[in-house]
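Have a look at the structure below, then the notes.
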Protein chains: 2
Amino acid sequence: MKGRGVAVDVAAFTIDGGALRVLLEERPAQGGWQLPGSAVAAAESPGDAARRILEARFGPRAPYHEQLYTFGEPGRGPISVAYFAVVPRGRAPQGLSWKPVQVPLAFDHGEILAEAVERLHTKTEYSTLPLRFLEEPFTLSEVQAVYEVLLERPLDKRNFRRKMLALEALRQVQGRRRSGAHRPARLFRLSPDRPYLLKERGILFPF
Amino acid sequence: MKGRGVAVDVAAFTIDGGALRVLLEERPAQGGWQLPGSAVAAAESPGDAARRILEARFGPRAPYHEQLYTFGEPGRGPISVAYFAVVPRGRAPQGLSWKPVQVPLAFDHGEILAEAVERLHTKTEYSTLPLRFLEEPFTLSEVQAVYEVLLERPLDKRNFRRKMLALEALRQVQGRRRSGAHRPARLFRLSPDRPYLLKERGILFPF
DNA sequence: CCAAAAGTGTTGGCGTTACACCCATGG
DNA sequence: CCATGGGTGTAACGCCAACACTTTTGG
């Protein structure tokens with residue numbers, strides 16, 4: 001079989017300081033910032049390679065990730081299967097930085113990043129993917145804060161809570177978070193049976 | 001760059017006889033029916049290869065298609081970038097057949113097909129992708145029939161028309177279709193500015 | 001007792017569904 | 001004039017967005 005090799009690039013996001021950030025590595029020789037990536041070995045699938053890349057950075061429990069899109073313009077070098085990942089807030093791994101999503105990238109990585117950001121926004125509208133930005137257990141206020149960053153607008157607290165709880169995507173756990181001079185907050189985890197919920201009914205034809 | 005080659009496989013759908021059908025080729029030597037595909041040449045992108053495959057079957061105006069998912073389990077052979085396509089009703093090209101989507105396929109093509117069918121159903125809920133099943137110009141009754149096959153339930157004619165027209169995805173064109181002993185039907189095309197409409201607002205957070 | 005975040009219900013408006021009859025044509 | 005599919009309006013209901021105050025705690 002002739003043709004080009006296959007690589008995997010990962011756009012890993014986190015939310016910190018009220019802003020969406022993406023995990024980048026700096027390669028000054030190659031024109032600045034780029035997404036972490038790797039060639040796909042002969043004995044692994046692209047999904048295996050993505051998990052390997054994430055485990056190398058975040059340890060054996062790789063964060064949530066899914067395949068995004070495959071890029072392969074001729075002249076690009078390898079064909080790249082892009083993944084995007086959602087990572088709870090934390091320090092950037094060795095040699096990498098969490099950067100605002102507006103930074104210009106090397107190669108065509110800006111295009112990959114733009115696609116990943118768009119997918120993230122789309123899924124925010126109709127799934128519980130954003131819960132993956134939080135370390136468990138988390139409070140409802142933390143969930144709301146994540147959604148407010150992603151949607152770029154404030155949300156009504158009562159409506160938000162009613163709707164989020166109605167999804168049955170959360171399971172309350174024992175204990176409360178005390179964090180200052182105010183009432184402690186209930187704690188939640190992802191509901192084990194619905195770790196990643198898409199709204200079933202569509203918009204066009206709910207009748 | 002080491003690793004495996006890259007191929008493209010296409011799941012092309014049409015609606016005929018009130019049922020969803022997929023374009024398959026029979027290779028008795030390799031265990032029955034399979035999706036049309038091809039290796040990706042060194043000088044082309046996967047998208048180029050998909051278009052090439054479709055043009056070889058349907059002529060220089062390739063039907064609507066989009067990238068679906070990239071499959072690459074080790075031991076699979078080449079890594080395959082799968083596309084799905086939506087084709088207006090018509091005769092199957094030389095050497096190929098329109099088959100019901102339940103037929104068992106060779107290799108892992110059944111998995112690819114299942115993914116494509118799912119994507120098609122998802123997009124039916126919140127986009128005007130199903131309009132691509134129709135040759136232009138078409139009538140509103142034809143549009144409704146397509147949606148009824150995809151959604152597998154009858155739809156109310158008045159509600160359907162109101163909603164479809166409200167999307168402003170259609171443009172009425174001159175002329176009427178006369179097809180028997182009844183009132184002739186108005187004709188429509190895809191609105192040129194919105195050839196492929198996704199509903200903007202989501203379900204979870206429209207407030 | 002003060003500050004700060006957690007927590008909680010109701011109402012009005014709008015969008016969606018349910019529903020039945022007349023129209024235009026060909027034979 | 002009859003059969004066939006094309007074409008049209010309204011009313012009841014349910015869901016969603018808007019909105020403000022009380023509770024619990026730490027200092």
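In what follows, chains carry the letters A, B, and so on, assigned in the order in which the sequence lines appear, proteins first and then strands, with residues in each chain numbered from 1. Side chains included, hydrogens not; waters and symmetry mates left out as well; all remaining heavy atoms used.
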Whole angstroms only, please: what is the CZ-C1' distance between A:Arg177 and D:dT25? 16 Å
Using a 3.5 Å distance criterion without hydrogens, assess whether the side chain of B:Ser127 forms a donor-acceptor pair with backbone atoms of B:Leu129. yes
Test applied, salt bridge (charged side-chain N to carboxylate O under 4.0 Å, His left out); reference residue, B:Glu136; option that passes from B:Arg177, B:Arg61, B:Arg189, B:Arg171: B:Arg189
Within the 4.0 Å limit for protein heavy atoms, which parts of nucleotides 3-12 of chain C are touched? Write it as a string from 5' to 3', B for base, S for sugar-phosphate only, - for none. BBBBBBBB--
Donor-acceptor check, side chain of A:His121 to backbone of A:Leu150, threshold 3.5 angstrom: yes or no? yes
So with a 6.0 Å cut-off around CD of B:Glu118, is the heavy-atom count from everything else above 12? no
Find the distance A:Met164:CE to D:dA17:C1' and express it as a whole number of Å. 17 Å
The test is ring-ring contact (aromatic ring centres under 6.0 Å, His included); show your working for A:Phe138 and A:Phe188 and say whether it passes. CA-CA 5 Å; A:Phe138 46 76; A:Phe188 294 86; 7.1 Å; no
Taking only the side-chain nitrogens and oxygens of B:Lys163, find out if one of them lies under 4.0 Å from OP1 or OP2 of C:dG15. no
